[in-house]
Amino acid sequence: MTALIFSVAILAGVLFVVMYLTLLERKFAGRLQSRIGPQRVGWPFGYLQPVADAVKLLVKEDVIPEVADRKAFNLAPVLVVLPVLFVFAVIPFGENLVLADLNIGVLFVLAISSITLIGIFMAAWGSKNKYAVLSGMRAVNQMISYEVPLVISSLVPVILAESMNLSDIVAFQDRAWFVFYPVLGQLAFIVFMVSAMAEANRIPFDITEAESELVAGFMVEYSGMKFAFFFLAEYAHMLAVSFLAVILFLGGWQGPWLPAGVWLALKVFMVFMLILWIRWSLVRIRLDQILALSWKVLFPLSLLVLLLAGIWKMW
Amino acid sequence: MAFIKEAWDVTRSVGQSMGVVFKNLLRKPTTVSYPYVKRELPDRQRATFALLTNKETGEEKCTACLICQNICPSQVISMVKEQVNNRGFAKEFTLDLGGCIFCEFCVQACPQDAIVMIKLWENSEVDREKLKLNKQNLLDNQKYQPSEMIGSKIREMQSPPKAAPKPAEPAP
Amino acid sequence: MTNPTNPTADAVHPLQTQVELEGDTLLINMGPQHPSTHGVLRIILTLKGEEVIKAEPVIGYLHRGFEKLAENLTYIQIVPLVDRMDYIANVTNELAFCLAIEKLMKVEVPRRAAYLRVLTSELQRIASHLVWLGTYGLDLGGALGGGTTLFMYCFREREIILDLFEELTGARMMYNFNQIGGVRYQPPAGFGLRVREVLKKLDKAISEYQDMLEDNYVFKVRTKDIGILTPQLAKSAGAEGPVLRGSGVKFDLRKNQPYSGYEEFKFDIPTGQKGDCLDRAKVRIAEMKESLKIVYQAIEGLPEGAISSRPSVRVAAAVKTPEGEVYSRIESPRGELGVYLVSDGSAKPYRLKWRAPSFSNLSLLPQLVAGHKVADIMAVLGSLDPVFGEVDR
Amino acid sequence: MTKQELAAKIKEKFGYDGKVGDEVELLVKREDYRPLAEFLKAEGLDYYCFATATDRKEKIVLTTRIENLEKQIAVHLSCEVEPGGKVRSLADLYAGADWMEREVFDLFGIQFDGHPDLKRILMPEDYQGYPLRKEFPLDQPYQPYR
């Protein structure tokens, strides 16, 4: 019974936080670009803006193009959002505050998060729009090639903490966070962050929904509630990535003076702001350069990091 | 080695552009929240129009000499002339703001300085007919602050050198 | 692929008939309504996967028949109309038109007017290059990312220049500042101080962009060796301005054929070596720095006196040009802006040909883009900096 | 090599004496238009500025401006064509000629044979009539906007 309440709490919490993350991003991006950001709805800080967005997306007519393949078109958003929400089931929010304490936590997270790729390609192929198909191809290319460095670099904490269970990894880090291991920690963290950002289609890798070339990528035919799903999935994916980064490398809720929960929130907030900051200051790079970066740079780097982790463990 | 140099080049330039972006985070935003904070306008603002009346005698300055009607490139001014005792009056004077290109030729050409541009620029309308300002609208627009550029001032500014080159305004 | 739930779906949709999907080439239509085609341009692309095989631009969506219109207006009435041609660099359009008529009528322009013309056209060049830099960031970086940050900065700087123009003429974009024989407005009191202030701010801002862009690895990766333009092809296509200078041809009308007092100003002409998008970008950013110098010299040495050699215009047909033909040109931010005027002695031009730089620059697009990726089309198109008011006239 | 020398060379080779003002202006017969263009290109005038036409009621004057940027030499090469006539295209000599000649065809109706794909550039493909001809009617007196 408590698991049910806990899971509903997590779901509501995630949706609420994601809604206000959109506001955070727009205010932060505004300040970065020396403008104010949304403030008209909910006067001083625009805190009602996410509610306005949600209502707008709910009320908007949900258009299904006549040419589209209806089954794939309707199922795609579901297949994109659900895996990301499943990831939150495994994440430990506190000492033993976790919905499902799987002892194969990391494997579960990596497996689930690659299902979004199927959803994205279904959306692209289902909407039968040339732009969407082109962007669907790109999404497949990019996400598969970044799956490999992501998996290998997230193996490093598993090796160091000798367990795939996320709570054990966090427990192991009470003495020193993995990121502070001499060369090993920083390299693994960088590879993990870069490939996680590529996984979540964020600048400078947001080639799939590149406005300047492909209008809106695979989301071009979606509107109304289905578009809200994609929107929600993107931010939830970013949130999941920052949670993962914090747990695997920055020692979860470990932290000297403050209570556990505050430390976790603070670290996730910092990682999230880092992703935003990178997003609003870099220019997008081309698809072939993205693939080259993944195979020629990140993949060998992650192998090296794995080797270092092995040596570190043996020694 | 080239790989290390290239990696260093990447991190340096990524850090540099993120630094530039961060610098702006600390600066005050340049946008203002419009309806509550209005931008102050320079005194030569060219927005919509007003027909002036002579302060002492209280009658309109416009003597319907049709000069502005002829010079207007997009021919948006049209008026009906009537002769009252010794002076011409514009019985009707319509200026189609929708077609006007705000080139200020009419203000420059008006010998009586009757038409002037005013500092009201929030004059968008929902219905196009309201954009056709008739004489009454133009006379009511007098309550707004007129722009500094009235006909005679522009003509005096453009007077060619041979006409007794009087000292222009003190150089900035 | 029959679709029971939607019987009409498998009937071939009219939209699909004209799609030739033979083999692996895909005919895609980057239509007039596209977020980053700098206006209304349609490109018919034949793609092979990501690779562009053939790109055929289709223009004419913004054709307003300027040349036919000009044949029915008098010379004075055309000047405000001409602002609408290259709507990002307005004052240079007026200057080109007025210089053509002054050359035909052999009218002398007072020095103060010439200096004011140089001042405004150089400020306009900076503003136009800022718009180019901002939209180039958008083309490369997308509307939700680093590109927008650059766009916002460029437009924040451009606002300061537009405020200057608003003080001088009263309008922000369509100034109607030049007239035949000189300019129409004296600068207000204290105008020089504000110009110097703006110059300092601009200088700081432009160096900030240089850090953010010029030796930025991510920007270089997207623009290096892309859309290489050889000088021979550039000359034979009639490209000019930053596009020509990017390929190493040192030709700038302000230096080679000075007009309106440009010979009295000291500045140099930046040129690129390879002619790829990066060189064209570097040339434009360096040009902004040069224009700052010219504006500073113009405001320092602003001579006294009247600003127009002809009395103020009161009647539409006040200007009559003698019979004859003339071709005069100036260096607009996009290149050589020429006015070919044939007049039959009346107050209306007999034939007015508006030689737009963006028209020739854009005709280079098919040769430059062939063989590149889809993403490079935007990089090349952005580096050519076309403005469609001018291309379609 | 200055404008005068070029004009002299053209005189003794083709027999036209060009009026040397800011540019060398030549009015040539239609069949000499193409050879002269090839001659000028051989002389080093490789910059193709623009091509346009002027409707002189009974005939249309086609003008092309070709330049050499370094030596500041420019030539206005013009020839007379009756409305709807044919002229040899310069598209294979100069890349810029392609679009310029399409525009002249679009607005004046001069046919260019040897042009890669001569179709309308500014007006819609299926537009009837050539707008910039003098006798092209302005259907109602000029009212831009009502």
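Note that these values count all heavy atoms, side chains included, but never hydrogens, waters or copies made by symmetry.
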Side-chain polar contacts of residues 110-120 of chain B - donor-acceptor pairs under 3.5 angstrom, sequence neighbours left out - could you list them?
residue: D113(B); atom: OD1; partner: S152(B); partner atom: N; Å: 3.1
residue: D113(B); atom: OD1; partner: R155(B); partner atom: NH2; Å: 3.4
residue: D113(B); atom: OD2; partner: S152(B); partner atom: OG; Å: 2.7

Provide the closest heavy-atom pair for [X] versus [Y] in the form atom of the first, atom of the second, distance.
{"X": "S159(B)", "Y": "A306(C)", "answer": "O-CB, 3.6 Å"}
{"X": "L73(C)", "Y": "P73(B)", "answer": "CD2-O, 3.7 Å"}
{"X": "A316(C)", "Y": "N70(B)", "answer": "CB-O, 3.9 Å"}

Examine whether an atom of [X] lies under 4.5 Å from a heavy atom of chain B, and if so say whether it belongs to the side chain, the backbone or both; otherwise answer neither.
{"X": "Q179(C)", "value": "side chain"}
{"X": "I76(C)", "value": "both"}
{"X": "D163(C)", "value": "side chain"}
{"X": "V183(C)", "value": "backbone"}
{"X": "Y209(C)", "value": "neither"}
{"X": "R172(C)", "value": "side chain"}

Can you find a pair of side-chain heavy atoms, one from [X] and one from [Y], that are under 4.5 Å apart?
{"X": "E166(C)", "Y": "Q45(B)", "result": "yes"}
{"X": "N24(B)", "Y": "R156(C)", "result": "yes"}
{"X": "F102(B)", "Y": "M174(C)", "result": "no"}
{"X": "Q108(B)", "Y": "V313(C)", "result": "yes"}

Find the distance between [atom1] ([X]) and [atom2] ([Y]) and round it off to the nearest 0.5 Å.
{"X": "S13(B)", "Y": "K220(C)", "atom1": "OG", "atom2": "NZ", "answer": "7.5 Å"}
{"X": "M157(B)", "Y": "I307(C)", "atom1": "CE", "atom2": "CD1", "answer": "6.5 Å"}
{"X": "I101(B)", "Y": "D83(C)", "atom1": "CD1", "atom2": "CG", "answer": "8.5 Å"}
{"X": "I154(B)", "Y": "Y185(C)", "atom1": "CD1", "atom2": "OH", "answer": "5.0 Å"}

I'd like to know whether [atom1] of [X] has more than 12 heavy-atom contacts from other residues, nucleotides or ligands below 6.0 angstrom.
{"X": "Y296(C)", "atom1": "OH", "answer": "no"}
{"X": "E108(C)", "atom1": "CD", "answer": "no"}
{"X": "K5(B)", "atom1": "NZ", "answer": "no"}

Sort out for me which of I78(C), T74(C), T169(C), V315(C) touches chain B most, counting heavy-atom pairs under 4.5 Å.
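Ranked by contacts with chain B, first place is T169(C).
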
Contacting region of D9(B) [heavy-atom separation from chain C under 4.5 Å]
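Its backbone and side chain both get close to chain C.
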
What part of Q16(B) gets closer than 4.5 Å to chain C, counting heavy atoms only: side chain, backbone, both or neither?
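Contact with chain C is through the side chain of Q16(B) alone.
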
Say whether, by atom type as modelled, one donor and one acceptor occur between the side chain of Q158(B) and the main chain of R310(C) under 3.5 angstrom.
no

Would you say R314(C)'s side chain and A109(B)'s backbone share a donor-acceptor pair under 3.5 angstrom?
yes

Salt bridge E104(B)-R184(C), side-chain N to carboxylate O under 4.0 Å:
yes

Which residue out of R12(B), K23(B), R39(B) racks up the most heavy-atom pairs below 4.5 Å with chain C?
R39(B)

Given the rule in the salt bridge (Lys or Arg N to Asp or Glu O under 4.0 Å) test, do E167(C) and R46(B) qualify, once you have shown the distances and angles that lead to the verdict?
CA-CA 10 Å; E167(C) 270 174 56; R46(B) 285 184 353 206; over 6 Å; no

Can you pull out the residues in residues 143-150 of chain B with any heavy atom less than 4.5 Å from chain C?
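Against chain C, the residues of residues 143-150 of chain B that fall inside the cut-off (heavy atoms, under 4.5 Å) are M149(B).
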
